[in-house]
Amino acid sequence: MPMHVRDAMSSVVLTIGPAHTLRQAARLMSARRVGSAIVLDPDTCGLGILTERDILNSVGAGQDPDQETAHDHTTADVVFAAPGWTLDEAARTMTQGGFRHLVVLDAGGPVGVVSVRDIIRCWAPVPQTVPA
């Protein structure tokens with residue numbers, strides 16, 4: 001029986017505004033132990049995604065994380081998944097698009113994020129060790 005996005009996704013959805021600095025976003029992502037944040041822009045009524053890689057690329061380019069905003073580094077052409085997608089569909093979409101996170105929408109709103117790591121965790125679960 002195939003597993004679905006709803007089985008793998010993280011329901012911890014971190015949302016930030018476009019004016020958050022990259023440092024603020026990184027702190028929030030670190031505190032919640034997530035690799036991405038959904039950027040909600042009330043001016044455009046749109047969703048974007050900011051990933052740990054976006055922050056890393058900015059810092060690596062010598063940009064100041066206290067000055068750079070989420071808006072300037074957000075991926076706006078987000079590909080969305082539905083909770084009922086199979087993990088194969090999600091993995092194929094990520095591979096074809098060259099990204100590692102999918103925002104999961106249900107009833108028009110974000111309900112989770114599924115990452116490559118989440119999918120791998122489902123496909124190759126860590127065996128439980130039995131105490132001696």
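Both backbone and side-chain heavy atoms feed into the values below; hydrogens, waters and symmetry mates do not. Predicted, not measured: the structure shown is a model, and the values here were computed from it.
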In Å and rounded to the nearest 0.5 Å, what is the [atom1] to [atom2] distance from [X] to [Y]?
X	Y	atom1	atom2	result
I49	H73	CD1	NE2	15.5 Å
L102	W85	CG	CH2	6.0 Å
I16	L50	CD1	CG	5.0 Å
D72	D54	CG	CG	11.5 Å
H71	T74	NE2	OG1	7.5 Å
L28	R23	CG	CZ	12.5 Å

query: Does a side-chain heavy-atom distance below 4.5 Å link W123 with D88?
result: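 They are in contact (side-chain heavy atoms under 4.5 Å apart), so the answer is yes.
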message: In the structure I gave you, are the side-chain heavy atoms of T75 and T51 within less than 4.5 Å of one another anywhere?
response: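 No; the side chains remain at least 4.5 Å from each other.
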Solution key, residues 6-14 side-chain donor-acceptor pairs under 3.5 Å, sequence neighbours excluded:
unit_1 : atom_1 : unit_2 : atom_2 : d
D7     : OD2    : H4     : N      : 2.8
S10    : OG     : V12    : N      : 3.2

Say whether [X] and [Y] are linked into one hydrophobic cluster, either directly or through other cluster members, by side-chain heavy-atom distances under 4.5 angstrom.
X	Y	value
I120	M94	yes
L105	V114	no
F99	L87	yes
V34	I55	yes
V104	L40	no

message: Can you pull out every side-chain hydrogen bond (donor to acceptor under 3.5 Å, both in side chains) where at least one residue sits in residues 97-109? Sequence neighbours excluded, please.
response: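 side-chain hydrogen bond (donor to acceptor under 3.5 Å, both in side chains) check on residues 97-109 returns no pairs.
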